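Heads up: numbering here begins at 1 and tracks the sequence. Source: prediction; values computed, not measured.
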Amino acid sequence: MFILVGATSFFLHQFLLTDNNLEFNELLQKAYIFHFVFSLSLIIAFHLLSKREKFFTQLGFIYMGLLVFKIVAYTALCYPQLMGDQYLPRFYRASLLIPVFVFLALEVFFVSKIMQRR
């Protein structure tokens with residue numbers, strides 16, 4: 001389900017943009033790959049940590065810290081495009097936030113499922 005939603009979102013996002021700006025398409029692909037890898041590893045780590053009682057009680061705090069780290073890492077990855085050092089229209093700059101929200105929703109869904117199981 002995770003791969004299906006991520007891939008569908010990426011291809012739909014590219015299709016709806018209908019712009020052949022190769023530089024932006026590469027940036028968009030990097031953004032989706034970054035969020036996919038980070039979110040998937042976060043979910044796997046939470047699944048493993050939830051089995052240990054010592055960590056289970058702290059999973060909410062760990063998630064909040066990792067969420068801040070993810071936003072900082074993504075901003076560092078796309079800093080020139082997001083902060084205006086390289087010219088990118090505001091529409092495209094805002095479009096780079098779509099993967100953030102797609103994978104954030106997936107993370108919250110799966111993390112809540114993991115925490116409800118116990």
Side-chain angles (χ1 to χ4, degrees):
M1 181 174 145
F2 191 82
I3 295 171
L4 179 69
V5 171
T8 303
S9 173
F10 172 71
F11 290 119
L12 187 62
H13 193 171
Q14 260 190 330
F15 175 75
L16 291 176
L17 285 178
T18 63
D19 192 3
N20 291 333
N21 185 346
L22 202 55
E23 187 176 315
F24 179 73
N25 285 342
E26 288 177 12
L27 183 63
L28 186 64
Q29 186 177 10
K30 272 202 295 191
Y32 271 95
I33 290 172
F34 171 79
H35 288 291
F36 175 79
V37 169
F38 195 95
S39 295
L40 186 61
S41 38
L42 183 133
I43 291 168
I44 290 170
F46 268 56
H47 182 69
L48 295 174
L49 289 175
S50 71
K51 294 179 181 185
R52 303 190 76 192
E53 188 63 36
K54 185 167 102 175
F55 292 113
F56 183 77
T57 58
Q58 301 299 319
L59 282 181
F61 296 112
I62 293 170
Y63 180 71
M64 298 278 281
L66 286 173
L67 183 62
V68 170
F69 176 74
K70 177 182 173 182
I71 292 170
V72 169
Y74 179 63
T75 304
L77 177 74
C78 298
Y79 183 80
Q81 292 83 7
L82 287 176
M83 299 304 164
D85 291 348
Q86 289 181 353
Y87 178 72
L88 191 62
R90 285 188 183 188
F91 174 75
Y92 289 119
R93 217 177 293 163
S95 181
L96 286 174
L97 295 177
I98 291 174
V100 173
F101 296 120
V102 168
F103 286 101
L104 178 65
L106 285 171
E107 282 176 18
V108 169
F109 176 76
F110 283 108
V111 167
S112 68
K113 287 286 186 191
I114 289 170
M115 292 182 79
Q116 285 177 356
R117 270 192 216 144
R118 288 213 52 191

key: Atom pair NE2 (His13) and CG (Leu96), whose distance is rounded to the nearest 0.5 Å   = 7.5 Å

task = Kindly indicate whether the side chain of His35, heavy atoms from C-beta on, has any atom under 4.5 Å from the side chain of Val102.
result = no

task = Identify whether Phe91 and Leu28 are in the same connected component of the hydrophobic contact network (ILVMFWY, side-chain heavy atoms under 4.5 Å).
result = yes

Inter-residue atom distance Ile71.CD1 - Thr75.OG1, 0.5 Å rounding = 7.0 Å

message = Using the side chain to side chain contact (heavy atoms under 4.5 Å, CB included) definition, which of the options Phe34, Phe38, Phe69 pairs with Tyr74?
response = Phe34

ask   = Has the side chain of Ser41 got a donor or acceptor atom that lies under 3.5 Å from a matching backbone atom of Val37?
value = yes

query = Who are the ring-ring contact (aromatic ring centres under 6.0 Å, His included) partners of His47, not counting sequence neighbours?
reply = none

key: Minimum-distance pair of heavy atoms, taken over all atoms of Phe2 and Ile43   = CE1-CD1, 3.6 Å

query = Can you get from Val108 to Met1 by hopping between Ile, Leu, Val, Met, Phe, Trp and Tyr side chains that sit under 4.5 Å apart?
reply = yes

ask   = Ser39 side chain to Phe36 main-chain N or O, any donor-acceptor pair under 3.5 Å?
value = no

Rounded distance (nearest 0.5 Å) linking atom CZ of Phe110 with atom CD1 of Ile44 = 11.0 Å

remark   = Of all heavy-atom pairs linking Ile98 and Tyr32, the shortest is CG2-OH, 3.8 Å

inquiry  = Looking at Ser9 and Val5, would you say the former's side chain and the latter's main chain have a donor-acceptor pair under 3.5 Å?
reply    = no

Gap between atom CD of Gln58 and atom CD of Glu53 - 0.5 Å precision = 10.5 Å

message = Taking Ile3 as the starting point, is it possible to reach Ile33 by hopping between hydrophobic residues whose side chains are less than 4.5 Å apart?
response = yes

message = With salt bridge (Lys or Arg N to Asp or Glu O under 4.0 Å) as the rule and sequence neighbours excluded, what pairs involving residues 3-15 come up?
response = none

ask   = Could you state the interatomic distance from CD1 (Ile114) to CZ (Phe109), rounded to the nearest 0.5 Å?
value = 10.5 Å

Please tabulate, one pair per line, all N/O donor-acceptor pairs under 3.5 Å involving side-chain atoms of residues 61-68, not counting sequence neighbours.
from: Tyr63; atom 1: OH; to: Glu107; atom 2: OE1; distance (Å): 2.9

